[in-house]
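To start, the structure under review is shown below, and the notes come after it.
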Amino acid sequence: MKRFIFVAGGVMSGIGKGIATASIGKILKDKGYRVSAVKIDPYVNVDAGTMNPVEHGEVFVTKDGGECDQDIGNYERFLSEEFTKKNYITTGRVYKAVIKRERNLEYDGKCVEVVPDIPNETIRRIKKAAEENNADFTLIEIGGTIGEYQNLLFLEAARMMKLEDPNRVLFILVSYLPTPKTIGEMKTKPTQNASRRLNEAGIQPDIILGRAETEMDEPRKEKISNFCNIDKKYVISAPDVESIYDVPINFKKENLGNKILEKFKIEPKNGQLSEWIKMAEKIKNGNKKLKIAIIGKYFETGNFTLTDSYISVIEAIRHAAWKLDIDPEIDWIFAEDYEKKEEKINEIKKYDGVIIPGGFGNRGVEGKIKAIKLCREKKVPFLGLCLGMQLSVIEFSRNVVGLKNANSTEFNNDCQYPVIDIMEEQKKLIENDSFGGTMRLGEYECKINKKSKSYNLYQKESISERHRHRYEFNQKYESQLKENGLVIAGRNPKSGLVEIIEIENHPFFVGVQFHPEFKSRPLDPHPLFSGFLKSIKATKEH
Ligand code: GLN
C-alpha cells in the first residue's frame, strides 16, 4: 500500500523545507520502509537546467540526466537513494504533458481544462514516481510557500488525493516562528495565518513543524494547537541546529517518525539511526583544520553572498572530511577578483587546497586560469570539476605546451588552439537554439587508466559518473599535451571522450569532465574528494 506525505511551507522560503522533507524520509527509512521523494517546483521552466543558479540554486543532475532542483540532491544524500527525472515536477512539465496529450486526441474530444486536468496530471506524476521507486512512503515537497498563486493547482492536486483516499495522505506544514529582537518573544501569528491559507485551499495540516531559532516552548505549542486546529502533540519543534545532518536526529527526539505512523494507523516501530548519529557528531567536530578555496562566480545577489549554487560540492567536501577527522573551512572566491587585481592571486597560497567547480560563459574564466597556474606551479592541491577540468587543460596548453591563447570555443569561437571544443552532436542543437535539456547529461561509463592516481582512488577500472556539459577535450591536441606531461587518466569507452586528466609530480592535480559531487553521500564519501583531502592532510603533516 502506497502512502503520500505532502510537505508545504508557510511564512517564507529558505527555512529548510527541503532538508526537513529529506529528514522525514530518513527517519521513516530508518524504521524499515522504502521511501521516495518528489519535488514540485512552481516554475514554468520545464526543468531547472534553464534557471540561473544564483536565483534558483544548483542544478542537480540525476543518473538519467534530469536537470533538477537542488532538493533532489538533498533527498539522494539523506536517503542514500538514486532518483530520476520522474521525481521532479514543474508547472512547465505538467502543462507540456497535458498539451501534448490534447494534441494527440487523448482526451477523447472533451474540453481540457486547467482544473481538473492540471492537478490530475500532477497526481498521475506523483503516483508514477511512487510506483517507480516502489515506495511505501512518498514525500511530496511543494516548492515556495502557501499563498503563492502559482502553487494553487498543486495544492488542489494534494486536496484531491486526500479526498480520494484520506487514509493514505498526510499534510505537513513547515512554518517559521520569528523571534524579533525588539519584541524578544517567539511569535506564532504568521504560522496561524499560513495554516489558515492552507485551510482556504481545503487542506487541514496534520502536523506542523515549527522552524525557529530556538526550541518552541509549551505556551507556543498550545497556541498553534488551538488556533491551527491540531492536537498539541503534532506541533513539532524544529530549532536551528549546528549542521543539517542533525535535523533527522532532532526529529527522532521529537518522536516524529512514530507520530507519522500513528497518523497512518500503523504500529510504532523502533529505528536506531546509529550510524547517522555517529556521522552527524563527527561532521561537526573534525580536529584537523584545512582551508579550502572554491573559486566560482555564482555567489552574489545584491548585498548578499549565497552558496546554494555549489551545495553538492560543499557537502561532498564535508562527507569526505568527517571520515578523515578534518574540519574544512571553506572560502568563496570571486574569480573576477583575480582579473581585476594582479597581486590578489597570491592569496591562493594561504589555502591548503583549491576547487574550481562547474560553470558556463566566460565571466571570470581568465581569473580561474590564473589560479590554476599558481596551483600547478606552487603545488597547491587542485580539483577541477567539469569547467574546472576544461580550464586546467587550457592553462596547461598555454603555459606548459606553449600554445599561446589556447582556449575553449565556448569563450572564443575563432581561437587558434581550441583545446576544448564543442561536441559534434551539440553543434546542431546550438545552431537551432535548442538549449533546454540538450547537453550531454546524466551517467556515462568511464574507463580508468590503471597507472593513474584516479585508479588508486577509485580502486576500480570502470566507473560511472554524472555529466552536464556541451564542450569536451579536443583530442586533436592529445598527443601534444601528453608529450608535455598531461596524463589522460580516464575516458569514455564508447566515444573515447576524455573524462579525467591528471598532472604528475604534484601532490594532487586532478580534473574531471563529470560531476563527482552528485554521487557523494554522507555515509559514503566520494573517492575523489577523499583523495583530495587526504593528499592535503599528508602534505601538511610532512
Ligand atoms: N561550460 C562547460 C560546458 O558546457 C562546462 C559545463 C559545466 O561545468 N557543467 O562544457
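Counting convention: from 1, in listed order, for ligands and their atoms alike. For clarity, every value in this text was computed on a predicted model and none was experimentally measured.
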inquiry  = Among all protein heavy atoms in this structure, tell me which lies nearest to atom 7 (C) of ligand 1, with the distance rounded to 0.1 Å.
reply    = Cys386 SG, 2.9 Å
ask   = Which class fits the ring pair Phe78 and Trp276: parallel under 30°, tilted 30 to 60°, perpendicular over 60°?
value = tilted
note = Of all protein heavy atoms, the one nearest atom 5 (C) of ligand 1 is Gly359 O, 3.4 Å
task = State whether the shortest distance between N or O atoms of Phe360 and N or O atoms of ligand 1 falls below 3.5 angstrom.
result = no
Gln390 and ligand 1 - part of the residue with a heavy-atom distance under 4.0 Å = side chain
query = Is Glu131 salt-bridged to Lys127, going by a charged N under 4.0 Å from an acidic O?
reply = no
task = Could you label the plane-to-plane angle of the His467 and Phe514 rings as parallel, tilted or perpendicular, counting under 30° as parallel and over 60° as perpendicular?
result = perpendicular
Min N/O separation Glu410 to ligand 1 under 3.5 Å = yes
note = Between Tyr471 and the options Pro418, Ser408, Cys386, the side chain to side chain contact (heavy atoms under 4.5 Å, CB included) test singles out Ser408
key: Proximal ligand 1 atoms for Arg468, defined as those under 4.0 Å from one of its heavy atoms   = 6 (C), 7 (C), 9 (N)
request  = Answer yes when Glu377 and Lys373 have at least one side-chain N-carboxylate O distance shorter than 4.0 Å, and no when they do not.
outcome  = yes
ask   = Is Glu336 salt-bridged to Arg363, cutoff N-O under 4.0 Å?
value = yes
query = Against heavy atoms of His515, which atoms of ligand 1 measure under 4.0 Å?
reply = 9 (N)
message = Tell me the protein heavy atom at minimum distance from atom 4 (O) of ligand 1, and give that distance in Å.
response = Arg470 N, 3.0 Å
ask   = Do ligand 1 and Leu387 have nitrogen or oxygen atoms that lie under 3.5 Å from each other?
value = yes
Charged N-O contact under 4.0 Å between Arg466 and Glu443 = yes
